*Asks:* 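Structure provided below as structure tokens; questions to follow.
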Number of protein chains: 2
Amino acid sequence: MKITIDEVARRAGVSKATVSRVMNNSKPVKQEKYDRVMQVIEELGFIPNPVARGLAHQKTGLVGVVIPDITNPFFAELVKGIEEVVRDKNYNMVLCNTFHNFEKEMSYLKMLREKYVDGIIFMTAKVTHEHRDFFRSSQLPVTFINRKCEDLNVSSIDIDNYQAAHDITTFFLKRGHRRVAIIRAPLTDKTSGYERFHGYRDAMQAYGIELNASLVMRSNFKIENTYKTVRRFLREEPAVTAIFATSDLMAIGAIKALQDEGIQVPHQVEVAGFDDIPMASYYHPSITTVRQPIAEMGRTATKILIREINGEKVKNRNLILPYQLICRESTLTSKVSGE
Amino acid sequence: MKITIDEVARRAGVSKATVSRVMNNSKPVKQEKYDRVMQVIEELGFIPNPVARGLAHQKTGLVGVVIPDITNPFFAELVKGIEEVVRDKNYNMVLCNTFHNFEKEMSYLKMLREKYVDGIIFMTAKVTHEHRDFFRSSQLPVTFINRKCEDLNVSSIDIDNYQAAHDITTFFLKRGHRRVAIIRAPLTDKTSGYERFHGYRDAMQAYGIELNASLVMRSNFKIENTYKTVRRFLREEPAVTAIFATSDLMAIGAIKALQDEGIQVPHQVEVAGFDDIPMASYYHPSITTVRQPIAEMGRTATKILIREINGEKVKNRNLILPYQLICRESTLTSKVSGE
DNA sequence: ATGAAAGCGCTAACAG
DNA sequence: CTGTTAGCGCTTTCAT
């Protein structure tokens with residue numbers, strides 16, 4: 001049932017080295033033998049065992065992808081982009097969901113370690129000491145998405161979250177809004193959520209408005225959580241006129257909460273999100289947001305990673321991609337750009 | 001840098017066979033040696049190479065998951081369920097997106113073939129001759145989700161799509177609707193989309209209404225496509241009073257289209273979806289739908305698969321899970337169940 | 001209880 | 001150009 005290179009060699013009347021050469025085009029083989037081997041391979045439907053190959057090569061052809069949660073459309077889109085390149089380069093992707101859990105994160109990293117996968121694409125909220133130890137001790141190429149990590153020798157890809165948040169906050173301020181609330185993710189260390197929060201804070205300050213804690217909502221990555229948070233918030237801060245949600249999922253939770261409180265979006269309260277997940281254009285109302293080139297980030301990260309796996313020296317290995325403000329129905333304005 | 005079992009054996013002053021026994025608890029080892037080996041393993045931070053292990057065992061500890069599109073929340077949820085069990089059983093998941101493309105599907109299957117992964121969880125719209133050949137010739141355990149495949153020796157998990165569609169159509173008919181439109185996916189062979197369509201057709205007939213081609217919209221799995229289809233449809237069939245979308249994503253596209261045409265949902269037209277993806281409860285209006293136990297299907301499929309990988313004979317290997325009608329804001333009715 | 005040795009299937013250095 | 005051979009790192013008889 002299981003046919004191996006030896007069987008092919010036997011039937012073709014050559015050595016297995018020759019068969020290997022034929023399969024990999026690694027060394028010239030006389031045409032006649034070449035054809036004979038190829039024919040036997042065809043006939044038998046022989047497929048070399050990738051595990052054995054991996055052992056000999058010290059490569060598995062596997063890329064590990066560690067993300068918080070595949071059910072978050074942002075990560076799904078990212079994975080889609082990653083997959084396109086992974087596939088194109090004849091690798092496969094091992095997907096690991098950490099569900100924002102630090103222990104899971106480390107245990108996955110350990111599973112993927114060393115010879116197992118050839119490289120890792122990694123997304124996390126917080127880079128701890130343990131992470132650093134891990135990445136420093138393992139020789140694996142690693143690419144971070146959605147954050148940089150200067151003190152580690154890893155490549156990374158991100159957008160300028162600070163400036164984007166600054167822009168979108170200013171977009172509200174410019175048109176007269178003063179009570180602009182923000183919904184932010186837990187602030188761990190220098191993550192995108194952290195930067196977005198500071199972009200908001202500084203934009204407000206530029207208009208002479210000091211950070212007002214009562215306009216800051218804390219939530220996480222679940223719509224449900226944001227929904228509840230916003231409903232509670234509205235009881236205490238009915239005077240709010242604009243809300244900057246630091247992700248589109250949060251924006252959806254917020255809009256739903258506003259509507260359930262009988263508040264019109266955008267007429268009474270305007271809402272903006274962040275990311276531009278596909279649902280942002282199809283929600284009702286469609287959502288004004290910061291477009292990140294999500295799939296593109298996934299693709300580029302993977303390209304960089306694979307080049308590093310192949311031992312190439314990549315010069316520009318810490319990229320900042322451009323973002324774009326997309327105005328839609330959740331804010332009142334003549335469309336500056338976008339749809 | 002790279003430490004192997006030989007190094008451990010040398011340092012512990014035993015043979016590598018003994019080290020192997022210690023690591024796997026495969027055979028009794030004298031306590032004293034056991035401790036010594038363990039200590040060396042600790043000190044060196046030794047981790048056995050899974051590829052070598054795989055070669056010896058003829059197992060990789062990898063499960064292949066082949067789905068159409070991870071950015072579809074239905075599949076994302078499924079993958080989440082799969083992952084939970086995969087992880088729990090100490091396997092890893094190789095994720096493959098086929099983007100509804102038959103060539104990609106086959107080429108992925110081939111990549112995953114034989115020794116590479118230990119089993120496959122497979123989702124597809126159409127089972128072709130080539131699929132059958134593949135699954136018959138490869139000895140790999142395979143579990144289908146979202147469809148059965150009687151003529152193949154595979155396990156499967158699904159819900160009763162026909163009956164669910166029948167129920168939801170009847171739900172409209174019972175309350176007086178007569179012009180009930182359906183949005184269906186491409187009809188390939190006996191897929192869930194096919195069954196849902198027939199459930200609709202038969203429910204209508206049970207009320208004496210023959211299938212009316214002008215009430216049947218064809219779309220695919222992209223919101224955008226459904227959106228356009230429905231807008232076009234509304235120009236020609238303004239008298240429609242209810243729409244059964246055969247997926248929640250379609251329902252979202254439909255509702256958005258209705259609203260953009262100035263039609264109130266549910267007051268002028270009621271809409272129902274299918275699947276109960278998380279967004280169904282947070283869309284505005286929230287969507288009446290058929291709840292499939294999505295993550296549960298993923299979990300159960302994986303449990304079955306892994307048992308078959310381990311050579312267990314699974315008796316109930318073609319499961320039909322229960323579904324549930326969830327009434328929300330996109331239809332007018334006293335809530336029968338759900339939120 | 002333990003070590004020696006034979007694979008698992010493929011690649012690559014070496015010798016012709 | 002081609003065959004022989006020695007690994008890749010671990011598991012598992014087979015003796016002892």
Side-chain angles (χ1 to χ4, degrees), chain A residues 1-38 40-41 44-62 90 111 113-118 138-139 310, chain B residues 1-38 40-41 44-62 90 111 113-118 138-139 310:
Chain A
M1 201 66 233
K2 63 176 63 164
I3 67 193
T4 70
I5 196 175
D6 290 284
E7 179 66 10
V8 175
R10 203 179 57 69
R11 297 220 196 183
V14 299
S15 75
K16 54 186 200 164
T18 300
V19 176
S20 174
R21 286 173 193 129
V22 169
M23 291 192 305
N24 304 301
N25 276 314
S26 45
K27 294 248 171 143
V29 170
K30 198 189 286 174
Q31 188 64 37
E32 181 200 356
K33 298 204 175 194
Y34 184 93
D35 294 341
R36 193 136 37 90
V37 170
M38 276 311 239
V40 175
I41 289 179
L44 269 50
F46 170 66
I47 296 165
N49 181 328
V51 178
R53 235 176 188 171
L55 225 209
H57 268 146
Q58 305 290 21
K59 298 222 166 197
T60 58
L62 257 26
N90 268 300
M111 282 183 95
R113 170 150 34 187
E114 300 281 348
K115 307 291 160 358
Y116 200 25
V117 296
D118 298 338
S138 88
Q139 301 291 23
N310 293 333
Chain B
M1 201 68 233
K2 64 176 63 164
I3 65 192
T4 70
I5 196 174
D6 291 284
E7 180 65 11
V8 175
R10 205 180 55 68
R11 298 219 195 182
V14 299
S15 74
K16 53 186 198 163
T18 301
V19 177
S20 173
R21 286 171 192 131
V22 169
M23 292 191 305
N24 304 300
N25 278 313
S26 47
K27 294 247 170 144
V29 170
K30 199 189 284 176
Q31 188 64 39
E32 182 199 356
K33 297 203 176 194
Y34 182 94
D35 294 341
R36 194 136 36 90
V37 170
M38 277 310 240
V40 175
I41 289 179
L44 269 49
F46 169 66
I47 297 165
N49 180 326
V51 179
R53 232 174 191 172
L55 225 210
H57 268 147
Q58 305 289 25
K59 298 222 166 195
T60 59
L62 258 25
N90 268 300
M111 282 183 94
R113 174 155 28 192
E114 300 283 348
K115 306 293 163 354
Y116 199 27
V117 296
D118 299 338
S138 88
Q139 301 291 23
N310 293 333

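Residue numbering restarts at 1 for every chain, and letters A, B, ... go by the order of the sequence lines. Predicted, not measured: the structure shown is a model, and the values here were computed from it. These values consider heavy atoms only, across backbone and side chains, with no hydrogens, waters or symmetry-generated copies.
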*Asks:* Heavy atoms from C-beta onward define the side chain here; which of D:dG7, D:dG9, C:dG3 lies closest to that of B:Arg21?
*Replies:*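 Looking only at side-chain atoms, B:Arg21 lies closest to C:dG3.
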*Asks:* Report yes if at least one side-chain N or O of A:Ser15 is closer than 4.0 Å to OP1 or OP2 of D:dT4; otherwise report no.
*Replies:*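 False: A:Ser15 side-chain N/O out of range (4.0 Å or more) of D:dT4 OP1/OP2.
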*Asks:* Counting the atoms with a prime plus P, OP1 and OP2 as sugar-phosphate, which does A:Lys16 contact under 4.0 Å by heavy atoms, base, sugar-phosphate, or nothing?
*Replies:*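 The answer is base, as A:Lys16 lies within the cut-off (heavy atoms under 4.0 Å) of a base atom.
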*Asks:* Kindly determine whether B:Asn24 and B:Arg53 satisfy side chain to side chain contact (heavy atoms under 4.5 Å, CB included), including the steps that lead there.
*Replies:* CA-CA 11 Å; B:Asn24 304 300; B:Arg53 232 174 191 172; 2.8 Å; yes
*Asks:* Could you state the interatomic distance from CG (A:Leu62) to OH (A:Tyr116), rounded to the nearest 0.5 Å?
*Replies:*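 Going from the CG atom of A:Leu62 to the OH atom of A:Tyr116 covers 7.0 Å.
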*Asks:* Map A:Gly13 and B:Arg53 onto DNA chain D by nearest heavy atom, then report which one ends up closer to the 5' terminus.
*Replies:*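 Its nucleotide being nearer the 5' end, the pick is A:Gly13.
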*Asks:* Take B:His57 and A:Lys30, find for each the nucleotide of DNA chain D with the closest heavy atom, and name the residue whose nucleotide sits nearer the 5' end.
*Replies:*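 Its nucleotide being nearer the 5' end, the pick is A:Lys30.
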*Asks:* Is the distance from OP1 or OP2 of D:dC8 to the nearest side-chain N or O of B:Asn49 less than 4.0 Å?
*Replies:*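 Checking D:dC8 against B:Asn49, no side-chain N or O comes under 4.0 Å of OP1 or OP2.
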*Asks:* Which of these nucleotides, D:dC10, D:dG3, C:dC10, is closest to any side-chain atom of B:Pro48?
*Replies:*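 Nucleotide nearest to B:Pro48's side chain: D:dC10.
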*Asks:* For D:dG3 and A:Lys33 - does any side-chain N or O of the residue sit under 4.0 Å from the phosphate oxygens OP1/OP2?
*Replies:*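 Affirmative; the distance criterion is met.
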*Asks:* Would you indicate what A:Val19 reaches in the nucleic acid, counting non-hydrogen atoms under 4.0 angstrom: base, sugar-phosphate, or nothing?
*Replies:*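 A:Val19: no heavy atom of the nucleic acid under 4.0 Å.
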*Asks:* Could you tell me whether B:Phe46 contacts a base, only the sugar-phosphate backbone, or nothing, with contacts defined as non-hydrogen atoms closer than 4.0 Å?
*Replies:*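 Here B:Phe46 touches the backbone only, sparing every base.
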*Asks:* Any idea which of C:dC10, D:dT11, C:dG3 is nearest the A:Thr4 side chain?
*Replies:*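 Nearest listed nucleotide: C:dC10.
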*Asks:* Give A:Thr18 one of three labels, base, sugar-phosphate or nothing, depending on what nucleic acid heavy atoms sit under 4.0 Å from its own.
*Replies:*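 Touches sugar-phosphate only.
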*Asks:* Give a yes/no answer on whether the side chain of B:Gln58 brings an N or O atom under 4.0 Å of OP1 or OP2 in D:dT11.
*Replies:*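 Negative; the distance criterion is not met.
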*Asks:* How long is the span from the CZ atom in A:Arg11 to the CG atom in A:Leu44, to the nearest 0.5 Å?
*Replies:*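 Answer rounded to 0.5 Å: 4.5 Å.
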*Asks:* Looking at the side chain of B:Lys27, which of D:dT11, C:dA12, D:dT13 is the nearest nucleotide?
*Replies:*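 Within the option list, the nearest is D:dT13.
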*Asks:* Given the rule in the side chain to side chain contact (heavy atoms under 4.5 Å, CB included) test, do A:Asn90 and B:Met111 qualify, once you have shown the distances and angles that lead to the verdict?
*Replies:* CA-CA 9 Å; A:Asn90 268 300; B:Met111 282 183 94; 4.0 Å; yes
